[in-house]
Amino acid sequence: MPKEVSNVEVNGHVIPLSHLDKVFWPQEGLKKVDLIHYYSEAASYLIPHLQERPLVWTRYPDGINSKGFYQKNAPAHLPDWIDTFTYYSQESDRDIHFILVSGTADLVWLANQAALEMHPWLSRAAAPDYPDFVVIDLDPSPGNTYKQVVQVAWTVKQVLDELKLHSYIKTSGAEGLHIYIPVQNQYDYKQIRDFAQSVAAAVCHLLPELATIERKVNKRGSLIYVDYLQNARGQTLCAPYSVRPRSGAPVSCPLHWEEIDLIEPSQFTIKTILPRLHQYGDIFAPVLNDRQSLAEAQERLGILAGMV
DNA sequence: GCGTACT
DNA sequence: AGTACGCAACGCCTA
DNA sequence: TAGGCG
């Protein structure tokens with residue numbers, strides 16, 4: 001394929017676009033240009049969820065059936081108008097320069113780098129040790145149906161309702177569902193994780209035939225994994241509206257709770273989600289400002305745990 | 001996807 | 001000039 | 001402390 005480069009100007013930044021006709025999703029014939037177009041159109045909905053958060057991204061320069069890779073350190077050729085956040089990694093004794101997405105141009109540049117998945121931290125660069133949400137990741141085992149995942153999700157909601165906490169749900173973009181509980185950013189990762197563990201354990205106690213917090217795959221059987229361990233610094237969950245490297249080009253799609261019974265996760269793709277977005281707007285926006293206290297819930301969970 | 005480091 | 005390579009470790013839990 | 005996990 002000849003390398004043809006065309007320039008596009010976004011918010012005053014000239015971005016060279018290359019390999020636009022390269023096929024990224026062979027089954028559907030979706031090309032790199034479709035990816036760039038999607039992120040460009042979804043930018044205003046996605047950016048609030050990426051803003052100020054150190055970003056881990058995955059890239060698939062030769063399409064989803066070829067080898068992809070994670071990236072967190074900004075490459076040397078990063079344009080100088082994209083912000084970074086320097087974080088010292090004790091393990092590898094070096095600084096990591098995380099990208100901080102702040103505008104549409106950033107996303108277009110990333111898409112041209114063949115970035116598919118956007119994995120923002122749960123905490124912001126200004127307070128890296130204090131997450132803004134608790135997350136619960138419902139991860140089905142092979143053989144689980146979407147309906148079963150939905151049943152577990154409703155039980156998570158029931159537990160959180162009893163704790164008087166608002167929760168928000170989205171598809172993972174694959175088979176699972178992600179539940180977010182936005183909190184005041186005054187709890188550290190350990191507190192957040194302990195809380196998530198209590199919720200996950202309560203759910204598994206209510207649904208012993210369907211859900212587990214067992215992390216070892218071979219001991220999980222055919223139960224749905226209620227993963228609370230993503231509540232740790234540097235751990236990542238794909239952002240709302242992030243593309244996934246799977247056939248069909250699905251995206252992680254925020255839902256109204258009542259919708260989870262009515263949809264199939266695979267119906268939300270880079271080709272189908274935009275009209276929904278334009279019609280309903282970002283229904284995940286409350287996750288960014290519904291800052292809840294965990295004090296009462298922690299107390300009630302403590303009592304609950306004592307009873308079990 | 002692209003810059004760098006080898007041959 | 002062509003090609004190979006890197007591009008992510010990290011935190012957590014269990015044994 | 002090593003190994004598995006995501």
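Residue numbers begin at 1 in each chain, while the letters A, B, ... track the order of the sequences.
Counting only distance, with no hydrogens or angles, the side chain of A/Tyr241 and the backbone of A/Tyr39 share no donor-acceptor pair below 3.5 Å.
OP1 or OP2 of B/dC2 sits under 4.0 Å from a side-chain N or O of A/Ser18. Under 4.0 angstrom from either OP1 or OP2 of C/dA15 there lies at least one side-chain N or O belonging to A/Lys219. Considering only side-chain N and O atoms, A/Arg59 lies nowhere under 4.0 angstrom from the phosphate OP1 or OP2 of B/dG1. An OP1 or OP2 oxygen of D/dG6 is reached within less than 4.0 angstrom by no side-chain nitrogen or oxygen of A/His119. For A/Arg220, a side-chain nitrogen or oxygen approaches OP1 or OP2 of D/dG6 to under 4.0 Å. Residue A/Lys32 places at least one side-chain N or O under 4.0 Å from the OP1 or OP2 atom of B/dG1. Applying the 4.0 Å criterion to OP1 and OP2 of B/dC2, one finds that A/Asn112 has a side-chain N or O inside that range.
As judged by a 4.0 angstrom heavy-atom cut-off over every strand, A/Asp227 is placed among residues touching the sugar-phosphate backbone only.
At a cut-off of 3.5 angstrom, the base of B/dG1 holds no donor-acceptor pair with the side chain of A/Gln113.
Rounded to whole angstrom, the span from the CD atom of A/Gln71 across to the P atom of B/dC2 amounts to 12 Å. Regarding A/Lys67, its NZ atom lies at a distance of 9 Å from the P atom of C/dC5, rounded to whole Å.
Between A/Lys22 and A/Asp62 there is a salt bridge, with a side-chain nitrogen of the basic residue lying less than 4.0 Å from a carboxylate oxygen of the acidic one.
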